[in-house]
Amino acid sequence: MKELARIFRNSTDWYKRLKKELNPEQYFFVTHNSPAILGIAGPGSGKTRALTYRVAHLLYENVPPGRILLVTFTNKAAQEMKKRVKEILGYLPEGLWAGTFHSIGARVLRRHARLTGREANFSILDEDDRERMLKSILASLIPKPAAKEKNFFKKGAAGKILSLSRNSNSPLDFFIKENNPEMIDYIPLFQQLEVLYEEKKRLANAFDFDDLLIQWLRLLQENEHLKKYYQEKFAHILVDEYQDTNAVQDRLVLLLGEKSSICLVGDDAQSIYSFRCAEIGNILRFPNHKPSCTVIKLVHNYRSIPEILELANCSIAQNKNQFPKELYTTRPPGQKPQVFLARDNLEEAHFVADKIIELYNKGEELSQIAVLYRSSYLSQELEMALLKRAIPYLTFGGLKFLQRAHIKDIIAWLKIIENPRDELSWQRVALMHGGIGEATFQEIWTLLRPFPNPLEAAVQGKVSPRRGAKGWKTLTSTLRRLISEGNENVSRLIQVIMESPYKDYLLSKYPEDYLERSLGIERMAAYGARFGSLQEFLESLLLEETLIIDSVKEENPESDYLTLSTIHSAKGKEWKTVFLIGLNEGRFPSPSGLKNIDEERRLFYVAVTRAKDNLFLTCAEEDFRGWGSFIGGPSVFLKELPLHCYECSVQMNQDFFR
């Protein structure tokens, strides 16, 4: 802190600098000393800037960095904020706690792992790992499932119900009765499944993604001394995107912040993740939890032209349960949003594709254009139209990094080195080797499990399976080489795996795209070079939800491409031009969305506020997606807009909109 004090003594007046670099709303947010602050930050209002400057201001006020907890939406966002704080101050004091809820939870749990029945080197199960574990338990509980019971095995249905129950902080029986009444007869089975799942995770020295929050909360609730320690440790708690928090996250913040200053930032008008258990009530009710709360609205939009903001304001004003606000901008006027009514969805697709070519010919880069939609299936005709015109594009909301089979293979090897009790990783690695099937693996694991360190037992030859001896010898030979490298050089560990017989396995299993998969593993090794330990690397991969393999973008980072994206995947992004397609009743809002029309309207609000200069809204009189022709008329979100908010790209019957 002496270094920080020296910097400020030599700097210009701090408050003058803040007034120069922030608008009045941001300045008030950054410098206000209320014990509870709720920043309602509209899209494009510079909330990241405001939150970053508030962290810098706390450091200026001599708050020790170790007493500041900054919780962001992604780990990447946390790193970006720390980078910006360093740019503001010229120096970043060590010790600042910054990351996602899950990464902070993992950090706390590793510190106190034994209180949870784990060791500090516990594994973190991703969604696929969870489903494999649950499926094996279900198979033991229901050896020959009847037709109805097979629903448990479809698309991870049982795992999703368990996860949603836990994240909504609802007892399992109550959650099923309220949300899955068709499963009421199976509540005892679910409860048995839950107990066995918890035990299997404990034996594997593992937590799943949900546990990082739930076990963290339980740790604080069941250990009074730990609760007091962390309550006193964090004098200032700052949380971004609070509208996206679930019930467990909300309880964690309120528990940790009982004696601390809490500063929350979010926008209730952009709460669109209820399907992930996000509760808009968390942000709306916060002033009731903290009567001393000061609500500060950040509504100066730096992104969009006034005409786009006018449409957005008129739309979201229809919602009643919200913090009312109106976005404004000092940008000069531009073109009103354009509405296009097509005869059918095919004409809609051709209109969008032709308009994109028109914009490109006028000098607009494809990377500055996005086409957004409520659901992925709405892009099918458009993709055909783009292919015919040779317009390059990328779709977002695609395959996540950890969902690629070859990536999961590499991670399984590494997890065994880090956590020798990880049964799922042992199983995945073993089944890659000749002569080892499911039955043989179970025999091997039965022999390995009793040892305190199964990895050590394996490489020392203490286990000799009756079958698959050759494959087992190959496997243990590779593990022996990995152990000899230590846990610090992640890139080298991955290189050893690729120099082992796994390389031949990869080639035999994926001959068509072996080279592409190998390059993906090379990129992962390069990513691993950033980390000082295997544990840090694995945790980063498993906790950073935004990591996505996209070979086109990675191999051609400078290439110009159009973006196609669901609205949910587009949140937090911006483009000069945005097309919002499929604005028909029955499409947007979706049939299921009619149960929560306010959230569907918030989704519309998020979509239109991605646009800086141009906004096109399209719908069709006839829609042939799905079974047969569908005529639903324009979306209610178009029909409720005042006529002055938009212009029509073609002559159309205004009665169709009323």
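The aromatic ring centroids of Phe588 and Phe637 lie less than 6.0 Å from each other. Centroid-to-centroid, the aromatic rings of His57 and Tyr15 come within less than 6.0 Å.
Ring orientation note: the planes of Phe351 and Phe616 are nearly perpendicular, at an angle over 60° on the 30°/60° scale. Ring geometry, Phe28 versus His32: the interplanar angle falls from 30° to 60°, so the pair is classed tilted. Between Tyr60 and Trp14, the angle of the ring planes stays under 30°, which puts this pair in the parallel group of the 30/60° scheme.
Remark: side-chain polar atoms of Asp560 are not paired, donor with acceptor, to backbone N or O of Glu365 under 3.5 angstrom. Panel note: side chain Asp268, backbone Gln322; no donor-acceptor pair is recorded below 3.5 Å. Formation of a donor-acceptor pair under 3.5 Å by the Asn167 side chain with backbone atoms of Cys277 is not found in this model. Judged by distance alone, with hydrogens and angles left aside, the side-chain atoms of Ser379 form no donor-acceptor pair with the main-chain N or O of Leu382 at under 3.5 Å.
By the 4.0 Å N-to-carboxylate-O rule, Asp267 lies too far from Lys47 to be salt-bridged with it. Between Asp244 and Arg276 there is no salt bridge, since no side-chain nitrogen of the basic residue lies less than 4.0 Å from a carboxylate oxygen of the acidic one. Ionic pairing of Glu600 and Arg374 is present here: one or more N-O contacts between side-chain nitrogen and carboxylate oxygen are shorter than 4.0 angstrom. Residues Lys639 and Glu585 are not paired through a salt bridge, judged by the lack of any N-O separation under 4.0 Å between the basic side chain and the carboxylate.
Contacts of Arg389 classified as salt bridge (Lys or Arg N to Asp or Glu O under 4.0 Å), with partners at least two apart in sequence or in another chain: Asp354. Every residue meeting the salt bridge (Lys or Arg N to Asp or Glu O under 4.0 Å) condition with Lys362, not counting sequence neighbours, appears here in chain and number order: Glu358.
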Return a table of donor-acceptor pairs under 3.5 angstrom between the side chains of residues 78-88 and protein atoms on other chains or two or more places apart.
from: Glu80; atom 1: OE2; to: Arg84; atom 2: NE; distance (Å): 3.3

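Around the OH atom of Tyr360, the shell of radius 6.0 Å holds no more than 12 heavy atoms that belong to other residues, nucleotides or ligands. Heavy atoms of other residues, nucleotides or ligands lying less than 6.0 angstrom from CG of Asn321 number 12 at most. A 6.0 Å sphere centred on CE of Met498 holds more than 12 heavy atoms belonging to other residues, nucleotides or ligands. No more than 12 heavy-atom neighbours from other residues, nucleotides or ligands sit within 6.0 angstrom of CD on Glu326.
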Test side-chain hydrogen bond (donor to acceptor under 3.5 Å, both in side chains) on Glu310 and His644; report intermediate values, then the result. CA-CA 9 Å; Glu310 173 71 7; His644 73 268; 2.9 Å; yes
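Among Lys336, Arg303, Arg331, the single residue meeting the salt bridge (charged side-chain N to carboxylate O under 4.0 Å, His left out) criterion with Asp613 is Arg331.
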